[in-house]
Amino acid sequence: MRARHANQAAPALRYYVRLVMRRLVSAPILLLLLAAAAPPEARAGAPPVTPGPLPVRDHFLLGVGFLGLDPGAAGVLERGRWRVEALWSVANTWAISPQIDLALRARPRAPVTVAQLEELARLSSDGGSIFIDGELARAAIELRRGLGRGVELRIAVPVLSFGGGRLDGSIETFHDSFGAGLDGRNGATRDAFLVSLITRRGDFLARDAPGLGLGDIVVGVKVRVHGGDHSRFAAAVEGLVKLPTAADRPLATSGKTDLGAQLLLARRFAKWSLHGSAGVVLLGASERLGIAPQELFSATAAVERASGRRTSLVLQVSASESPFGSLATARIGRGATQATVGVKRALGVSYELFAAATDNFRNFTNSADLDFHLGISRRFE
C-alpha cells in the first residue's frame, strides 16, 4: 500500500522539483553565471555585498495604488555617493469570497462573468462579493543620493503592467502536488484578468486589464540615528511621500497622496546580520474603493547569512495591516503576512544583483499568491 502511494506521488514530486528549479533557482543560477563572467581583476577587487534586507514586498493587485513600506537597509550613503537600482517584480493574485469559492469548485473550468458574480452577491448573507484574478508586472528605477550629515535622498519611479499573466498553471500544479487546495481556481479560466468588488460601500469593476503605464512616484529621506557603514549596530529613520503621478487608471493609483515613516535597524556579526523595520503609513482616501483615510502599521524582520565574501542569503518575514478592513470583507480585511527568500551577489567593484521569491501564508486572500523579484544596483562615488 505504501509503495503504491509512493509511486503515485512520485510524478507530482518530480514535477514540483522541476518547477522549483525553473522558477526559483534559475534566477540565482543566472546571477552566479554573470558573476563568473566578470573580469578576474574586477572579481578580485570586488567589495563585499552590502548588508541589508531585500528591498521587496508583496504586490497585492488591489493595493498597488497605495504606499507600501519596502524593507530598507539601516546604512546611509555618504555625501556625494549615488546608488541606482533597477527592480523588477511579477505578482499573481487570486482572492475570492467564500460563496464564489464554493460555486467555482462545483463546476468545470469556464470563464467567470460579471453577471455570475452579481448573482452570487445577491445570495450572500451580506450582499457582497470579491473576485480578484490577475497578475502585475512592476519595473522601477530608484535613485539614492548621500547628502552628507547622515542624510540620504531617495526617488522611486515605477512602471506597472496589469494582465492575466502566465503563472496560474504553475501555482495550480504546486497546490495540487502538496494538497494545499485550489480555492476555486479549477473553476475559472487560467491567465485571465477580472477584478470585481461588491460591498456595502459601493461597487468596483475592472473587466479589462489597465495595461502598461507609469505608477505613483515615491520620494523619501533617510536620516542616520546611530552607527555607520562599519558599525556593528546601526539605526536610521526614513520618511516617505507617495505622489499621485500615475495616470487615472483603475488599480494603478489611489489618486491621493500617502505618507509613511519607518525605523530601520541592523545588527552585524561575523557572518550573520539581523535587520528589522517598523513603520506606519497614512493613506489618503480611495474614492473608487470607498475607503476613508487611515493609518496602517507594518514590520519586517530579516536574517542574512554571508556565503563567501561576495554572496549572502536572506530570509525575511513581513506583516502589515490591511487597508480593506472597512469594506466588511473578512478575507481581504485581515492583516497580511509574507515570507521572502533570496540571494544577493556583488559583481565587480560597483554592481550588485539579487533574486528573490515572496509567498503569502496564514491568510491567502489578502496578498499576492506568489511574487518573483530581480534587481541590479550600481554604486557611484
Side-chain angles (χ1 to χ4, degrees), residues 56-71 87 89-97 130-138 140 156 158-163 165 193-197 199 201-202 204-206 209-210 213 215-218 240 242-244 246 248-260 262 279-300 318-338 340 358-371 373:
V56 300
R57 61 181 175 88
D58 159 74
H59 295 294
F60 183 44
L61 201 62
L62 199 62
V64 176
F66 298 102
L67 174 65
L69 297 180
D70 296 337
L87 308 172
S89 299
V90 58
N92 182 284
T93 296
W94 173 265
I96 59 177
S97 299
I130 305 167
F131 186 87
I132 306 172
D133 181 18
E135 281 186 16
L136 167 73
R138 180 183 184 272
V159 175
L160 309 175
S161 177
F162 299 87
F193 181 93
L194 178 61
V195 177
S196 171
L197 273 75
T199 71
R201 290 178 172 265
F204 174 84
L205 175 64
D216 287 340
I217 294 176
V218 176
L240 300 166
K242 188 217 73 171
L243 305 172
D248 188 20
R249 298 180 298 151
L251 302 175
T253 179
S254 65
K256 303 294 182 181
T257 299
D258 298 338
L259 305 176
Q262 60 180 337
V280 59
V281 175
L282 306 179
L283 298 183
S286 173
E287 298 174 358
R288 278 199 177 102
L289 299 176
I291 296 176
Q294 57 188 305
E295 300 176 2
L296 299 178
F297 294 90
S298 64
T300 297
S318 299
S320 60
E321 292 185 306
S322 170
F324 310 111
S326 62
L327 297 182
T329 51
R331 285 199 168 188
I332 64 172
R334 296 196 297 264
T337 309
Q338 301 93 32
T340 299
T358 299
D359 197 13
N360 58 2
F361 61 97
R362 292 186 61 192
N363 183 12
F364 303 105
T365 53
N366 61 352
S367 54
D369 284 353
L370 189 61
D371 294 67
H373 315 276

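Bear in mind that the values here come from a model prediction, so they are computed numbers and not experimental data.
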Could you tell me whether the side chain of V90 reaches within less than 4.5 Å of the side chain of L370, counting heavy atoms only?
no
Where is the tightest heavy-atom contact between F204 and P250, given as atom of each residue plus distance?
CZ-CB, 4.0 Å
Step-by-step side chain to side chain contact (heavy atoms under 4.5 Å, CB included) determination, L205 to L194
CA-CA 8 Å; L205 175 64; L194 178 61; 4.0 Å; yes
Considering all heavy atoms of both residues, which atom of F162 and which atom of P210 are nearest to each other, and what is their separation?
CB-CD, 3.4 Å
Give, for atom CG of L160 and atom CG of L136, the distance between the pair rounded to the nearest 0.5 Å.
5.5 Å
Using modelled atom types only, decide if a donor and an acceptor are shared between the side chain of K242 and the backbone of G68 within a distance under 3.5 Å.
no
Within this structure, what is the OG1-CD distance for the pair T300 and Q262, rounded to the nearest 0.5 Å?
7.5 Å
Ion pair R288/D248, N-O distance below 4.0 Å:
yes
In terms of heavy-atom contacts, H59 and T93 come closest through O-OG1, 4.1 Å
Could you go through L240 and L69, starting from their C-alpha distance and side-chain angles, then the distance that decides it, and tell me whether this counts as side chain to side chain contact (heavy atoms under 4.5 Å, CB included)?
CA-CA 8 Å; L240 300 166; L69 297 180; 3.6 Å; yes
Side-chain donor/acceptor of D258 to backbone N/O of G284, under 3.5 Å:
yes
For T253 and A246, which heavy atoms make the closest approach, and how far apart are they?
CB-CB, 3.9 Å
Test your reading of the model: is there a side-chain donor-acceptor pair from N92 to the backbone of E135, 3.5 Å cut-off?
no
Just how far is it from atom CG of L61 to atom CG of D133, taken to the nearest 0.5 Å?
9.0 Å
Any side-chain heavy atom of D371 within less than 4.5 Å of one from V56?
no
Note: A156 and P158 closest approach over all heavy atoms is O-CD, 3.6 Å
L62 vs L251, test: side chain to side chain contact (heavy atoms under 4.5 Å, CB included). Steps then yes/no.
CA-CA 6 Å; L62 199 62; L251 302 175; 3.9 Å; yes
Rounded to the nearest 0.5 angstrom, the CG-OG1 distance for L282 and T257 is 12.0 Å
Are any of the side-chain heavy atoms of K256 and P244 separated by less than 4.5 Å?
no
Modelled atom types, side-chain donor and acceptor of T358 and D58, under 3.5 Å:
no
Is there a donor in the side chain of S298 and an acceptor in the side chain of S320, or the other way round, less than 3.5 Å apart?
no
Calculate, to the nearest 0.5 Å, the distance between atoms CZ and CZ belonging to F66 and F60 respectively.
10.5 Å
Polar side-chain atom of Q294 near backbone of P323 as donor-acceptor pair, under 3.5 Å:
yes
Could you walk me through whether T199 and I130 pass the side chain to side chain contact (heavy atoms under 4.5 Å, CB included) test, one step at a time?
CA-CA 8 Å; T199 71; I130 305 167; 5.6 Å; no
